[in-house]
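These notes are about the structure you will find just below.
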Amino acid sequence: MGTRLKVLSVFKTLHRTRMEVFRNDDRALTAARLKINEEFKKNKNETSEENVQKMIKMGTDVEAVLRYMVLQVEHTGEDKLLLQPRKDLLQENVPYSDQPRKKS
């Protein structure tokens with residue numbers, strides 16, 4: 001895949017992730033959209049292949065952080081918060097065991 005296509009792919013992936021992570025939060029959606037667009041516009045004239053590859057890696061890493069590290073929380077009362085986890089954040093809870101499991 002060409003460098004231009006990789007950059008465009010990262011750009012689209014970041015926007016898709018932002019739409020999923022900040023669903024129903026207009027302020028966060030707008031702020032994320034503006035920041036993504038600002039960073040890509042700021043670096044659109046970069047010609048160094050090495051720097052472009054570093055920026056592609058950075059964009060991919062940022063997308064992973066957004067997808068797996070950001071939680072949506074809503075204030076429901078003075079001392080109460082409502083956590084709204086996405087399905088890709090929920091994992092099977094396997095209890096810890098000192099003894100390795102025997103394979104059957």
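The shortest distance between side-chain heavy atoms of T3 and E49 falls below 4.5 Å. Side-chain contact check for T17 versus L14: every heavy-atom pair is 4.5 Å or farther apart. Counting heavy atoms from C-beta outward, H15 and R18 have side chains that approach closer than 4.5 Å. Counting heavy atoms from C-beta outward, L81 and E74 have side chains that stay 4.5 Å or more apart. Counting heavy atoms from C-beta on, the side chains of L66 and E20 never come closer than 4.5 Å.
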The test is side-chain contact (heavy atoms from CB on, under 4.5 Å); show your working for V65 and V62 and say whether it passes. CA-CA 5 Å; V65 167; V62 167; 5.6 Å; no
One pair to check against salt bridge (charged side-chain N to carboxylate O under 4.0 Å, His left out): K35 and E39. What are the steps and the verdict? CA-CA 6 Å; K35 186 63 175 174; E39 290 299 319; 3.2 Å; yes
Chi angles and distances behind the side-chain contact (heavy atoms from CB on, under 4.5 Å) call for Q72, V21: CA-CA 7 Å; Q72 222 176 1; V21 170; over 6 Å; no
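The environment of E50 atom CD is sparse: at most 12 non-hydrogen atoms of other residues, nucleotides or ligands sit within 6.0 angstrom.
Rounded to the nearest 0.5 Å, atoms CZ (R16) and CZ (R67) are 10.0 Å apart. Within the model, atoms NZ of K41 and CG of L34 stand 9.0 Å from one another, a figure rounded to the nearest 0.5 Å. Separating the CE atom in M55 from the CG atom in N43 is a distance of 4.5 Å, to the nearest 0.5 Å. The distance from the CZ atom of R33 to the CE atom of M19 is 10.0 Å, given to the nearest 0.5 Å. One finds the CG atom of N51 at 4.5 Å from the CD atom of E46 (value rounded to the nearest 0.5 Å). Atom CZ of residue R27 and atom CZ of residue F22 lie 11.5 Å apart, to the nearest 0.5 angstrom.
Formation of a donor-acceptor pair under 3.5 Å by the T30 side chain with backbone atoms of D26 is found in this model.
Linking Ile, Leu, Val, Met, Phe, Trp and Tyr residues whenever their side-chain heavy atoms come within less than 4.5 Å places V7 and F11 in a single cluster.
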